[in-house]
Structure formats: C-alpha cells, structure tokens
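Source: prediction; values computed, not measured. Both ligands and their constituent atoms are indexed starting at 1 by order of listing.
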Amino acid sequence: MAAAMAAEVPGWKELDEGRTGLYDLGLVGALPGGVGFGNTSVRTGGGEFLISGTATGGKRALGADGYCVVSAFDIEKNRVESYGPVKASAESMSHGAVYLACPSARSVIHIHSRKIFDAMLRDAYPRTPAEALYGTPEMARAIIACVKEQGASRGLIVMAGHDEGVIAYGESVKEALDLVLELYRKYN
Ligand SMILES: [Zn+2]
C-alpha cells in the first residue's frame with residue numbers, strides 16, 4: 001500500500017526523477033558521515049504533501065519507498081505527523097511553511113550547495129535571518145514571512161541560518177526543478 005501511495009500522487013514520478021538529477025549534481029545527498037541533506041516534496045492536496053523521507057539522502061534513486069506523506073504539522077510545537085514507508089525529517093516543516101504561506105505552490109525543493117548559498121547571500125536573494133536555525137519554529141516563521149513578502153507562486157530563498165541551505169518552490173514540480181537548475185547553471 002505504501003509503495004503505491006507515492007506512485008499515485010500526480011507529479012511524484014517527475015519529482016523522483018528530478019531528485020535523482022539533483023543527486024547527480026551533488027545538490028541532494030549525504031555527508032561522508034552518512035547524514036543526508038536536501039529533500040523534495042509535492043503537495044497532495046490542502047496542507048498535505050508527499051516528501052522524501054529522513055535518512056534517504058545517500059540513495060541515488062529513491063522510488064516510491066523513499067517518500068512519506070506529511071498529514072499535519074504544528075509550527076509552534078515543532079511537530080510533524082507523517083505516514084508511509086519512511087519518516088519525515090525535521091526539515092519537512094520548512095516545506096510545510098511554504099505550502100501554508102503560498103496556496104498556489106505545488107512543489108518545494110530544498111538543496112544544499114556551498115557555491116549557490118554563498119552566491120545567493122552575496123547577490124541579496126530573499127533570505128531567512130541568520131538567527132533562524134534549522135528545524136526550529138523560528139525558521140518556519142521566517143520562511144512564511146519570506147514567501148508572503150515575495151507574494152509569488154514561485155520563488156527562491158537562501159536560509160542564512162542553515163549553512164548551504166536553499167529552498168525553491170513553484171506552481172509545478174517542473175517549475176521548482178527548473179528554478180534550481182537555473183541557479184546551478186548560474187553559479188557553477
Ligand atoms: Zn538542509
């Protein structure tokens with residue numbers, strides 16, 4: 001049932017293939033110690049979304065077993081509820097914050113890149129403050145503020161308090177992926 005779950009979500013296949021491409025570019029992956037970084041999600045309806053699970057960063061191709069559905073989240077309590085073959089990571093909250101702030105956003109992609117991160121800070125892209133750290137209510141609130149300020153259904157955010165962290169979101173999986181690939185071409 002779980003494997004079929006992701007496969008039934010419109011856009012999932014494109015998201016999963018796109019994620020493999022991001023892995024090959026080193027934008028999603030795992031550190032030498034095994035800690036994964038980067039994740040990809042697609043909205044399944046309302047506030048729910050399908051997202052690559054925690055500890056999946058090291059795998060090149062995830063397939064349906066690498067995704068779970070976040071069914072609810074509470075920013076103030078810093079709590080995420082998910083179901084599926086893998087668990088949702090703490091970073092899921094960042095995706096939820098974008099979906100909450102931008103009803104027309106359908107896909108969120110979080111990548112890590114030294115080069116892109118440094119260049120985006122230098123070039124004054126929209127950012128979350130350095131005091132807002134990874135996986136905290138402050139980060140989620142900062143993302144909401146940043147997305148609302150931009151007021152568009154697509155955008156890019158550099159997470160100043162989460163080293164190397166960047167978020168892209170768009171009205172479709174393709175749009176979010178294209179934003180990341182444009183950044184990669186621009187700064188590599
Ligand atoms: Zn991250």
Side-chain angles (χ1 to χ4, degrees), residues 15-16 18-43 49-60 62 66-70 73 75 78-80 82 86-102 105 107-123 125-147 150 154-170 173 176-177 179-184 186-188:
L15 185 77
D16 192 44
R19 183 202 165 277
T20 302
L22 298 178
Y23 180 93
D24 289 342
L25 294 175
L27 302 175
V28 168
L31 299 172
V35 178
F37 60 85
N39 39 40
T40 49
S41 73
V42 60
R43 198 196 290 267
F49 54 96
L50 184 82
I51 186 164
S52 51
T54 189
T56 59
K59 285 189 187 165
R60 179 173 183 268
L62 284 192
Y67 293 80
C68 60
V69 169
V70 170
F73 58 92
I75 288 173
N78 208 17
R79 206 171 56 204
V80 172
S82 66
V86 285
K87 290 223 173 334
S89 83
E91 264 177 349
S92 304
M93 194 73 84
S94 298
H95 293 243
V98 174
Y99 292 126
L100 193 65
C102 182
S107 181
V108 177
I109 295 175
H110 171 54
I111 57 147
H112 277 227
S113 162
R114 173 89 275 138
K115 269 190 194 174
I116 295 173
F117 180 84
D118 290 348
M120 287 176 78
L121 287 177
R122 184 190 68 218
D123 291 351
Y125 273 80
R127 72 184 65 191
T128 54
E131 307 80 65
L133 303 179
Y134 160 81
T136 62
E138 289 73 27
M139 176 62 86
R141 284 196 293 263
I143 289 170
I144 289 173
C146 204
V147 168
Q150 293 186 75
R154 52 177 269 164
L156 290 163
I157 297 170
V158 55
M159 305 159 93
H162 178 42
D163 197 31
E164 301 192 356
V166 172
I167 285 176
Y169 58 95
V173 169
L177 280 169
L179 281 171
V180 174
L181 296 176
E182 276 168 35
L183 265 185
Y184 182 82
K186 188 173 173 185
Y187 292 127
N188 274 274

List the steps, then state whether side-chain contact (heavy atoms from CB on, under 4.5 Å) holds for Arg60 with Asp24. CA-CA 8 Å; Arg60 179 173 183 268; Asp24 289 342; 2.8 Å; yes
Say you draw a straight line from CD of Glu131 to OG1 of Thr136; how long is it, rounded to the nearest 0.5 Å? 11.0 Å
Before moving on, can you tell me the angle at the Zn ion (ligand 1) between the NE2 atom of His162 and the NE2 atom of His112, to the nearest 10 degrees? 100°
Which atom pair, heavy atoms only, marks the closest approach of Ala88 to Ile51? CB-CG2, 4.5 Å
N, O or S from Glu164 under 2.8 Å to the Zn ion (ligand 1): no
Closest to the Zn ion (ligand 1), among the N/O/S atoms of Glu91, is atom OE2
In Å, rounded to the nearest 0.5 Å, how long is the span from CG of Leu183 to CD1 of Ile116? 5.5 Å
